[in-house]
Structure formats: C-alpha cells, structure tokens
Undergrad: 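Following this message is one structure expressed as structure tokens.
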Amino acid sequence: MRIATWNVNSVRAREARLLAWLAAKQPDVLCLQELKCLDDGFPHEAVRALGYHALVYGQKTYNGVAILSRVPPEAEERGFGDGDADPQARFLGARIGGIRVFSAYFPNGGELGSEKWAYKLAWMARLRAFLGRACRPDEPVALCGDFNVAPEERDVRNPDAWKDTVLFHPDARAALQQVAEFGLVDAFRRVRPEDGLYSWWDYRMLGFPKNDGLRIDHVYVTAPLVPRVTAAEIDRNERKGKQPSDHAPVIVEIAD
DNA sequence: ATGGTTGCTTAGCAA
C-alpha cells in the first residue's frame, strides 16, 4: 500500500495539479491539508472519476483536511473529540485496509511567543492526548500530514537560520517528540537517512531555487507498520513549474 | 528589523 500526504495550499487553486498527480502516481491513500474551502468546494466528481473515495473535513478560507482512498474508508473521526470546541478543521481520521489513517494539519505557530505559537504547542499536546485515548501503539496507525515541524538538523538546509522560528524551534521539536513517544516512528527516515531532502520551501526569498527547504511533511507509523516500510520519496518535481503548492507530496510504501 | 510570494477575499490575514 502506498500512502501519500500533500499540503496543496488551496485545493481549488491546485485542482488541475492534484488530478494530474493522482492519475500519475495512483497512491492507495492520499492525505491532503490546507484545502481552504468547505466540503462543497472540493472536486468530488473529478476525484471519484479517478477511482478515489474522499472524506473531506473542510473549512472556509483556512485549514481543511481530506483523506482520499481507493477502497472505501470504514470509519471517520473529525477533530480530537476532546470537548474543546475548536473551529479549525485540522484533523481527520479513517480506517482503511486495516490501518488507522490520520490527515493532520498542525498549526504553523506564527511568531514565537504569539498566541498562535501557544495554540500550536497546545494543539500538539491535544494530539498526544488523543492518541493515548483513542489509539493503541500496537495497532497499525499512520499519522500523515503537514506537521509544521522539522524533527532534526538534517531536515533543515540552514538549521542555524531556522532554529529561532516556529518550524524548527527546540520547543516545537520537543512537542513532536512527545507525540512520537506514543509509539510513532518517522517512516521516511526508516528508509531514507540521507540529508538534503525537504518537503517545503517558502514562496518568498527564492526558497525553492536556493533549496532553502525544510522537511515538515511526514508519515509517522506505529510498530506493526515499521518493518513493512519498504520505500519513501518526496516528489520534488511537483514543487516545480507554474503555480505549485509550496509543499511537495511525500509518499511511503508499506508492504502488504 | 524587514522583506519577499501566494491564496482568499477584496485590505488584510495567514502561511
């Protein structure tokens, strides 16, 4: 099974690219983030025509996540269900082919010390609590999405320049480690240890031409899936050309 | 410290 994750930065602005990419790569599962529209703005018909079911948790203007799959999803969860009335559509879960798949759009965090920064850290703590409450580390779980955190130095082109930002601050990395301590492993790094591999480049300041990137889009899996991870790639080509998302898709191959 | 770009919405916010 091939599982992919991609922050499309508006599914309407990226519809043509999304459909072409789906047709070319044909992943079994694709988790999307930053739809930036309500459910009725999602290209349901075109996605169905390519052979995919779609679970959509949309939101007007901001956020919004989806899970596309070749086989019908068996269940779904919207949000953490922790009683905290969060208006931001950032977390969607489904059971697909015996695997619990989550599409997560972690908060960016704005500026260090801001309200958004506090929301980011709190959101990650809520995610950790959700996992402890709703999942077990000995069942197959794939947490996919835009984590908005680069875990390690090798995931950042210029670590010194980024360590004082919300994407690579020690506190964000520590919060991610807390999430992982539930029993999740960075699937990409199981099979791709080399550095220089990034999934996001800022539109500004010639981020992509200078390859000033960070690896912030991830697939984290529980122990039953770890030995089944056979390959992983970041589709850097998708960041090229006209009107790309600022994120490239990440694909992980999981043996049956 | 600021700037740089893109998307949604239409001047300003979020990333």
Side-chain angles (χ1 to χ4, degrees), chain A residues 5-21 31-44 46 56-66 79 86-92 103-124 127 144-151 155-169 171-173 175-176 198-218 234-250:
Chain A
T5 184
W6 188 11
N7 178 324
V8 288
N9 185 18
S10 168
V11 73
R12 288 177 292 178
R14 225 63 62 202
E15 179 173 344
R17 274 184 177 261
L18 169 63
L19 298 175
W21 191 85
C31 295
L32 298 172
Q33 300 86 37
E34 272 210 273
L35 305 179
K36 291 188 170 181
C37 66
L38 290 164
D39 299 22
D40 59 10
F42 189 88
H44 287 282
V56 178
Y57 181 21
Q59 182 184 330
K60 184 178 162 61
T61 310
Y62 302 119
N63 308 311
V65 288
D86 192 337
Q88 303 193 30
R90 295 181 175 275
F91 193 73
L92 177 65
S103 181
Y105 177 40
F106 289 43
N108 171 286
E111 300 290 327
L112 291 177
S114 67
E115 276 185 29
K116 288 177 190 160
W117 172 242
Y119 174 75
K120 176 179 193 163
L121 298 179
W123 192 94
M124 292 174 76
L127 169 59
C144 313
D146 175 2
F147 285 38
N148 266 318
V149 181
D155 299 313
V156 185
R157 176 72 166 196
N158 297 305
D160 282 347
W162 286 93
K163 69 181 190 309
D164 294 322
T165 75
V166 293
L167 301 182
F168 193 54
H169 190 274
D171 291 354
R173 296 167 65 190
L176 176 54
Y198 313 121
S199 67
W200 172 85
W201 301 260
D202 201 314
Y203 284 129
R204 300 165 292 186
M205 304 295 287
L206 300 173
F208 189 66
K210 286 155 61 178
N211 198 25
D212 183 13
L214 290 82
R215 195 176 67 90
I216 58 175
D217 299 88
H218 307 297
I234 299 173
D235 186 7
R236 198 174 187 283
N237 280 333
E238 186 53 46
R239 183 61 174 75
K240 301 176 181 173
K242 278 186 175 295
Q243 295 181 309
S245 169
D246 44 353
H247 296 253
V250 178

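Residue numbering restarts at 1 for every chain, and letters A, B, ... go by the order of the sequence lines.
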Undergrad: Say we look at B:dA1 and B:dA14: how far apart would their P atoms be, to the nearest angstrom?
TA: 22 Å

Undergrad: Say whether A:R14 and A:N7, considering side chains only, have a donor N or O and an acceptor N or O under 3.5 Å apart.
TA: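 Short answer, no.
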
Undergrad: A:D212 and side chain to side chain donor-acceptor pair (under 3.5 Å): which single residue from A:W201, A:W162, A:Y198 fits?
TA: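 So, applying the side chain to side chain donor-acceptor pair (under 3.5 Å) to A:D212 and each of A:W201, A:W162, A:Y198, only A:W162 qualifies.
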
Undergrad: Take atom C1' in B:dT2 and the same atom in B:dG7, then report the distance between them in whole Å.
TA: 22 Å

Undergrad: Looking for any heavy atom pair under 4.0 Å, which part of the strands does A:F208 touch: base, sugar-phosphate only, or nothing?
TA: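 Counting heavy atoms under 4.0 Å across all strands, no contact is made by A:F208.
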
Undergrad: Whether the A:N108 and A:K116 side chains hold a donor-acceptor pair (N or O, under 3.5 Å, no angle test) is what I'd like checked.
TA: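 Their side chains do not contain a donor-acceptor pair, so the 3.5 Å distance test is not met.
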
Undergrad: Does a donor on one side chain and an acceptor on the other come within less than 3.5 Å for A:E238 and A:S245?
TA: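 No.
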
Undergrad: Return yes if a side-chain donor-acceptor contact under 3.5 Å exists between A:E34 and A:S10, otherwise no.
TA: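 Absent: no donor and acceptor within the cut-off.
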
Undergrad: Report the residue (A:Y105 or A:D202) whose heavy-atom-nearest nucleotide on DNA chain B is the more 5′ of the two.
TA: A:D202

Undergrad: Does the side chain of A:D217 come under 3.5 Å of the side chain of A:S199 through a donor N or O and an acceptor N or O?
TA: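 Their side chains do contain a donor-acceptor pair, which is all the 3.5 Å distance test asks for.
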
Undergrad: With P as the reference atom in both, quote the distance from B:dT5 to B:dT9 in angstrom, rounded to an integer.
TA: 22 Å

Undergrad: Determine yes or no for a side-chain-to-main-chain donor-acceptor pair under 3.5 angstrom, with A:S103 supplying the side chain and A:A66 the backbone.
TA: yes

Undergrad: For B:dT10 versus B:dT6, give the span between their C1' atoms, rounded off to a whole number of Å.
TA: 15 Å

Undergrad: Would A:N148 and A:W200 count as having a side-chain donor-acceptor pair, cut-off 3.5 Å?
TA: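 No pair is found: no donor N or O on one side chain lies under 3.5 Å from an acceptor on the other.
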
Undergrad: Counting only non-hydrogen atoms, which of residues 237-250 of chain A are less than 4.0 Å from DNA chain B?
TA: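 Nothing qualifies; none.
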
Undergrad: Could you pick out which residue, A:E34 or A:R12, lies toward the 5' side of DNA chain B when each is mapped onto its nearest nucleotide?
TA: A:R12

Undergrad: First and last nucleotide of DNA chain B in contact with chain A, 5' to 3', at under 4.0 Å to a heavy atom: what are they?
TA: B:dG3 to B:dA15

